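Keep in mind that what you see is a predicted model, and the values were worked out from it rather than measured.
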Amino acid sequence: VLVALNSLFQIVAYSLLGWFYLTKLPDLLGMSNAALDVSMWSIARAVAIFLGIPLLAGYLSRAVGERRRGRDWYEQSFLPRIGPIALWGLLFTIVALFALQGDRIVHAPGDV
């Protein structure tokens with residue numbers, strides 16, 4: 001329940017904060033040329049994809065696994081097998097995100 005609530009809170013909070021920092025704060029600081037025209041919905045959609053898909057996959061794996069094989073099988077057999085795969089997936093996501101922005105990070109670290 002805490003993971004689900006945290007994911008929902010992050011979707012809302014990142015949307016509000018991202019919109020504020022990218023559109024309103026530059027105007028308030030007199031840097032209107034630095035402001036981006038981005039909607040809260042586009043930020044929420046991106047965060048929902050990155051947080052919602054794994055959350056939904058985790059929920060479905062638990063619901064289907066426990067219904068078909070039982071809680072003991074799910075916790076004793078499935079979770080120990082899927083745990084390392086989940087960590088590798090997280091590592092891949094982090095590496096991919098930095099790799100996609102690697103050129104910008106190396107050539108203009110102050111802009112990132």
Side-chain angles (χ1 to χ4, degrees):
V1 172
L2 289 176
V3 172
L5 291 175
N6 183 37
S7 294
L8 294 174
F9 175 74
Q10 285 185 36
I11 292 169
V12 172
Y14 274 108
S15 302
L16 291 171
L17 289 172
W19 173 78
F20 175 75
Y21 286 131
L22 295 173
T23 60
K24 291 299 174 194
L25 187 62
D27 287 337
L28 293 173
L29 297 176
M31 303 179 336
S32 60
N33 60 343
L36 296 174
D37 186 24
V38 63
S39 70
M40 258 190 276
W41 172 244
S42 63
I43 297 170
R45 185 178 56 229
V47 175
I49 289 170
F50 281 101
L51 292 176
I53 291 173
L55 181 65
L56 181 63
Y59 170 76
L60 290 175
S61 71
R62 177 172 283 279
V64 171
E66 284 185 356
R67 189 176 339 114
R68 289 192 179 175
R69 300 262 184 117
R71 180 172 284 186
D72 288 337
W73 173 85
Y74 183 81
E75 292 178 356
Q76 303 298 322
S77 182
F78 181 74
L79 287 180
R81 282 186 290 172
I82 199 75
I85 296 169
L87 289 175
W88 281 105
L90 177 61
L91 180 62
F92 171 77
T93 303
I94 293 169
V95 170
L97 288 172
F98 279 101
L100 292 172
Q101 296 297 321
D103 190 46
R104 288 183 64 193
I105 292 170
V106 171
H107 290 100
D111 293 342
V112 177

*Asks:* At their closest point, which heavy atom of I11 faces which heavy atom of L51, and how far apart are they?
*Replies:* CG1-CD1, 4.4 Å

*Asks:* Can you name the nearest heavy-atom pair linking P84 to P80, along with the distance?
*Replies:* CD-O, 3.3 Å

*Asks:* Write down the atom of I43, the atom of S15, and the distance for their closest heavy-atom approach.
*Replies:*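 Between these two residues, the closest heavy atoms are CG2-CA, 3.7 Å.
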
*Asks:* In the single-linkage hydrophobic clustering (I, L, V, M, F, W, Y; side-chain heavy atoms under 4.5 Å), do V12 and W41 co-cluster?
*Replies:*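 Shared cluster, no.
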
*Asks:* Using the rule that two of Ile, Leu, Val, Met, Phe, Trp, Tyr join whenever any of their side-chain heavy atoms come within less than 4.5 Å, decide whether I85 and F92 are in one cluster.
*Replies:* no

*Asks:* Under the side-chain hydrogen bond (donor to acceptor under 3.5 Å, both in side chains) rule, what pairs show up with a residue in residues 42-51, not counting sequence neighbours?
*Replies:* S39-S42

*Asks:* Between F50 and L8, is there shared hydrophobic-cluster membership here, with clusters defined by ILVMFWY side-chain heavy atoms closer than 4.5 Å?
*Replies:* no

*Asks:* Please identify each residue that fulfils ring-ring contact (aromatic ring centres under 6.0 Å, His included) with F78, with sequence neighbours left out.
*Replies:*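 F78 satisfies ring-ring contact (aromatic ring centres under 6.0 Å, His included) with W73, Y74 only.
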
*Asks:* Indicate if Y21 and L28 have the same hydrophobic cluster label, given that clusters are the connected sets of ILVMFWY residues with side-chain heavy-atom separations under 4.5 angstrom.
*Replies:* yes

*Asks:* Nearest 0.5 Å, please: how far is CD in E75 from CZ in R69?
*Replies:* 15.0 Å

*Asks:* Could you tell me which non-hydrogen atom of L16 sits nearest to which non-hydrogen atom of M40, and how far apart they are?
*Replies:* CD2-SD, 3.3 Å

*Asks:* Take a 6.0 Å sphere around CZ of F20 and say whether it holds more than 12 heavy atoms from other residues, nucleotides or ligands.
*Replies:* yes

*Asks:* Start with the C-alpha gap between L90 and I94, add the side-chain angles, then the distance that decides, and say whether side chain to side chain contact (heavy atoms under 4.5 Å, CB included) holds.
*Replies:* CA-CA 6 Å; L90 177 61; I94 293 169; 4.2 Å; yes

*Asks:* Are V38 and L29 in one and the same hydrophobic cluster, where Ile, Leu, Val, Met, Phe, Trp and Tyr link if side-chain heavy atoms are under 4.5 Å apart?
*Replies:* yes

*Asks:* Counting only heavy atoms not in R81, do more than 12 sit closer than 6.0 Å to its CZ atom?
*Replies:*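 Correct, the count exceeds 12.
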
*Asks:* Please report the interatomic distance OG(S61) to CG(L79), rounded to the nearest 0.5 Å.
*Replies:*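 S61 OG to L79 CG: 7.5 Å, rounded to 0.5 Å.
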
